[in-house]
Each structure stands twice: as C-alpha cells, then as structure tokens.
Amino acid sequence: MAMMRFSIAVAVCVLGLFTPQAPRVTAVRADRLLDVTSGVTRERMVVLIQGDRITAIGSADSVRVPQGAEEIRLANLTVLPGLIDAHVHLTLPGSPDSAAAADLRAGFTTVQDLGAVDTAVFALRRRLASGAVPGPRIAAAGLWIGISGGTCDFNGIGVRGAEAFRTRVREQVANGADVIKVCVTSWVAPAFREPERYEISDEEVNAAIVEAHRLHRKVVVHAISAGGVRAAVRMGADAVVHSAFVDDSTADLMRRRRVFIVPTLHSFEPRRGTAAMDSLFARMAVLTARGIPVAFGTDAGVFPHGENAKEFAALVRLGLTPLEAIRAATINGAELLGWSDRVGRLAPGMLADLVAVDGDPLADITALERVRFVMVGGRVVRL
Ligand SMILES: [Zn+2]
C-alpha cells in the first residue's frame, strides 16, 4: 500500500514535469455576491478560478489568493451566476454569431436553442465550442418537430404519423441534438377559443417523447391550449414553453414531477390588450402562485437578442419575487437542461460563468438589464 502511494506520488511528479503550464488563476473580488440557493447577498467576497472552473468561494478574509493570481475587482456591483435562457432561436434570420454574442453580452452564458427550419445551430455550437469566438454554452434542438401544415411547418419540414415523428427525433439526435422540441398546439388566440384542441395526435406526441427518452433526451413542447398541455404532460413532456392555459390538475402534476413552464412573457407583451392574451396572463399569475415550476426563457430571435433580461421584470410583474425570477434563470434553468452539475450556481467545481450587475437585483429586478461584467468558462468577455 505504502509502495503504491509512493508510485502514485512519483507518477504525479513526473506528469508535473511534462505539464506545460498550470491553468491561470484568477481572483474575482466582489463587493456583493448573491447566493441564489440561499437568497443571501454577501459582501466582500472572493471567487477563485483556475482554468474554466471555480476552485474556491468565500469572504475576502477566508479565501487565500495565491501569489501571481490575476485580480479582477468588481466595485459597486453584484455578482451572480451566469444567466440561463432556456428558450432562444439563434439561427432565425440574421447572423447567428451576432445573436450568440448579443445574448452573451447580456449576461446569458448558457442558452437553449429550441429549434429552427434548419440545423445551422450545430455548426454554430461547434464554432463557439472551439473557443475562437466567445459565445454562450448552447444546448440545441436542431429542427423543431411538428405536423405537416401545423404551427412549426415552414418550408415543408412538417411530418405526419408516429413513425415519421420517431424518425425525425432519431435524425436530430444523430445530428447532435441535446434536446427535442415538439410543437403540439397553435398559438394563443386559437388556444383561448378552443381550449381542448391541439394539432398533433396522441400517437405522434407519444412516439416523439418515447423515442427521445429512449435516446436520453428531454422533450420540450410548444403547447398553449389546456388540452394540448394536458396530453403532452401526461405522456411525459419535460417542459412546456410559452405561457399556457394549464388546468389545475395538470399544474399540480407539473409541480410534483418538476415539469417546468417557460413563460416567454416579454415576447407576448406587445400583444397585450386582447381577451385571449389578457386571459393568458391572468391564468399564468394563478399558476405561478400555485407553485408551477418556472424556468426562464424568452424566445429571443422573435425579438432582438440581447433584450433577454427584460423577461425578469415581466416575471416579477406576474407575481414572482425577484429571487424566484433569478432562480428561474439559474438553478431552475440548469435543472431543466440537466446541467445542474456545471452551471446555475457559484460553488467550487462549477464552471466559472459569472455576471455582475449594477445595483441590487433583489431590490430592483431591472438591475439585471444593467450587466457590466460577463465571464464564461473563466474567460472575461465583458468588463
Ligand atoms: Zn420559440
């Protein structure tokens, strides 16, 4: 045993000789830091980063900063984990690189791309992952999947029949999809007029969900009508995007099973004033008060990338506390993506994704629209 320990020690020394350079150490000194788990804001904190990970976090007195570490002092700002937008479209018309850069500069170090009419997002993800251009981490769906002639059918990409849905799921996963997006219903006005109506058959919804789960991918559904959400959730959907007319028993099921709703309120604001939209906002206020799990997502791409943080104020107007809105974009977003071991919290071992905002976001949620500092994977992309 002693000999084995000795050999390991020698091996480590020898490896050490051949390691070109230990990853750089950075100490971020924050006047204020919000712990999103406890909801406590602590003062005079230090986050120590080596390579792309956090190695230590604590008060300035308790964290030993090694000599030669690079220091970043964030005076008068509040530091929090990099934000997560669980519903964007990076490749809708416009430059995908600029879309990704705008989301990142706005503090969104992780985004979930929920589909497009092509699979260009996979090439973008590869480009960004190579590190040549800084960008947010991307979880991507590839082609969204919906019925021929339905909500998501553009350029004839819709499919029909359970087998076609299964095949389309398999194709996306083979292309590199992290998540599957299925379009179950139409938009708000039809869902208000006909609460039980949805546009794909139970067999098709079920086929897509079973196949995605078999391939260890979550399924996010576009579902707004009460009947559409009920069917998708009963069949195992993992999240519902957009606000929806969820009935009470489905909402309770979603709470028990941690099925997130991703409200995209900011994208709906311009259409307030119709009976359908006002009724939807009123229903969402009831659902969130009832404890339906909320993850932050915006549908950016439908409105300009970079405005994502406006969703925070919309969530607070709906009735969430500022802390609940921030958790929606950190710990809840990470849980929805299945990335809780990497992002959404600041702790040793987590990826060094940090933002700093001007003001106290717990007192004024619009502070999140004033991002002054962004770090992704230990790399400063905005200062
Ligand atoms: Zn969308």
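Small disclaimer: the values here were computed from a predicted structure and weren't measured. Just so you know, ligand 1 is whichever comes first in the structure, and atom 1 is the first atom listed for that ligand.
Looking at Asp299 and Lys310, no side-chain N of the basic residue comes within less than 4.0 Å of a carboxylate O on the acidic one, giving no salt bridge. No salt bridge links Asp360 with Arg32; every basic N to acidic carboxylate O contact stays at or beyond 4.0 Å. Between Arg125 and Asp113, none of the side-chain N atoms (NZ, or NE/NH1/NH2) sits under 4.0 Å from a carboxylate O, so this pair counts as no salt bridge.
Around the Zn ion (ligand 1), protein N, O or S atoms at less than 2.8 Å comprise His87 NE2, His89 NE2, Asp299 OD1.
The list of ring-ring contact (aromatic ring centres under 6.0 Å, His included) pairs with a residue in residues 74-94, not counting sequence neighbours, reads His87-His89, His87-His242, His89-Trp144.
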Can I get a per-line list of side-chain donor-acceptor pairs under 3.5 Å for residues 372-383, giving both atom names and the distance, sequence neighbours left out?
{"residue": "Arg372", "atom": "NH2", "partner": "Asp358", "partner atom": "OD2", "Å": "3.4"}
{"residue": "Arg379", "atom": "NH1", "partner": "Gly131", "partner atom": "O", "Å": "3.0"}
{"residue": "Arg379", "atom": "NH2", "partner": "Gly131", "partner atom": "O", "Å": "3.3"}
{"residue": "Arg382", "atom": "NH1", "partner": "Arg105", "partner atom": "O", "Å": "2.8"}

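Hydrophobic cluster of Val262: the remaining members, joined at side-chain heavy-atom separations below 4.5 Å, are Ile84, Leu114, Val179, Val220, Val241, Phe260, Leu336, Leu337, Trp339, Val343, Leu351, listed by chain and number.
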